**Q** 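Here it is, the structure in full.
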Amino acid sequence: MGLLDGAKTLIGDVVAAADRALEETGSGKLALSLAKFYPGGLPAFLERLRETGHGEAVTSWLGSGARQSVPESAIAACLPQGVTERLAYDLGVPEARVPTVLAEFLPAAVADQSENGTLKPQPNFSTQVR
C-alpha cells in the first residue's frame with residue numbers, strides 16, 4: 001500500500017468516525033446546532049428549504065411516511081459560510097461534510113423533532129451568523 005492509499009484510508013476512517021459520532025448523539029444535536037447557529041433555528045432552515053423548492057421533501061420528514069431526500073447541493077446553498085463553519089465545529093465534522101451530514105441525518109432528526117405532522121417547539125438562540 002502506497003502513501004496515497006494510506007492517506008485515503010485515514011481520511012475515510014476520520015469521516016466514518018465523524019458520522020458515527022453524529023449518529024450516536026442523535027437528532028437533538030442537529031436541531032440544537034441549527035438553533036445556535038442558523039438565524040431562526042431549525043424552523044427557519046426548513047422554511048428556507050421550502051422556499052428553494054424542497055417543500056415536499058420537508059413535509060415528508062414531518063410525517064410518518066417515506067422520507068424524501070434533498071440534494072447536498074441544495075442544503076449547501078441554504079447555509080451561509082459562517083454558519084457552515086460553526087456547524088462543522090459544533091457537530092465535529094469537517095466543514096466540507098456539513099451538507100452531506102445534513103442531507104443524511106436531517107430527515108430523521110426532523111421526524112424525531114415533530115409530532116402529528118408538525119415541528120415541536122424549538123429553541124432559538126441563534127448567533128445570527130451571516
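These figures come from a predicted structure and were not determined experimentally.
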**Q** Restricting to non-hydrogen atoms, name the atom on Ser114 and the atom on Trp61 that form the minimum distance, rounded to 0.1 Å.
**A**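 Heavy atoms of Ser114 and Trp61 come nearest at OG-O, 4.1 Å.
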**Q** Nearest 0.5 Å, what's the CG-CD distance between Leu32 and Gln122?
**A**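 It comes to 9.5 Å.
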**Q** Step through the shown structure and confirm whether more than 12 heavy atoms of other residues, nucleotides or ligands are within 6.0 Å of CD on Glu51.
**A**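 Result for CD/Glu51: enclosed.
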**Q** Roughly how far, to the nearest 0.5 Å, is the CG atom of Leu91 from the CZ atom of Arg86?
**A**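 It comes to 13.5 Å.
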**Q** Heavy-atom distance under 4.5 Å between the side chains of Val101 and Leu106, does that happen here?
**A** no
**Q** Report the C-alpha distance between Val110 and Val58 in whole Å, list the side-chain angles of each, state the deciding distance to 0.1 Å, and finish with yes or no for side-chain contact (heavy atoms from CB on, under 4.5 Å).
**A** CA-CA 8 Å; Val110 171; Val58 171; 5.7 Å; no
**Q** Restricting to non-hydrogen atoms, name the atom on Gln113 and the atom on Leu119 that form the minimum distance, rounded to 0.1 Å.
**A**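 Here Gln113 and Leu119 meet closest at O-CD1, 3.5 Å.
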**Q** If every non-hydrogen atom of Ala44 is compared with every non-hydrogen atom of Pro39, which pair is closest and at what distance?
**A**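 Smallest interatomic distance, heavy atoms only, reads CB-O, 3.2 Å.
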**Q** Less than 4.5 Å apart, any side-chain heavy atom of Ile75 and any of Leu49?
**A**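 When only atoms from C-beta onward are counted, Leu49 and Ile75 do touch, with a gap below 4.5 Å.
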**Q** Within the structure provided, determine whether Thr118 and Leu62 are in side-chain contact (heavy-atom separation under 4.5 Å).
**A**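 Not in contact.
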**Q** State, to 0.1 Å, how close Ser60 and Gln68 come at their nearest heavy-atom pair, and which atoms those are.
**A** OG-N, 2.9 Å
**Q** Is it true that Glu95 and Thr84 share a donor-acceptor pair across their side chains at a distance under 3.5 Å?
**A**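 Short answer, no.
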**Q** For the CG atom of Leu79 and the CZ atom of Phe37, what is their distance to the nearest 0.5 Å?
**A**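 With rounding to 0.5 Å, CG (Leu79) is 12.5 Å from CZ (Phe37).
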**Q** Could you walk me through whether Glu104 and Arg97 pass side-chain contact (heavy atoms from CB on, under 4.5 Å), step by step?
**A** CA-CA 10 Å; Glu104 290 176 14; Arg97 294 267 307 148; 4.3 Å; yes
**Q** Can you name the closest pair of heavy atoms from Ala96 and Pro99 and give their distance?
**A** O-CD, 3.7 Å
**Q** Nearest 0.5 angstrom please: Glu85 CD to Asp90 CG, how far?
**A**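 Between Glu85 CD and Asp90 CG, I get 13.5 Å after rounding to 0.5 Å.
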**Q** What are the two closest non-hydrogen atoms of Leu30 and Leu102, and how far apart are they?
**A**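 Taking every non-hydrogen atom into account, CD2-CD2, 3.6 Å.
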**Q** From Cys78 SG over to Arg50 CZ, what is the distance, rounded to the nearest 0.5 angstrom?
**A** 12.0 Å
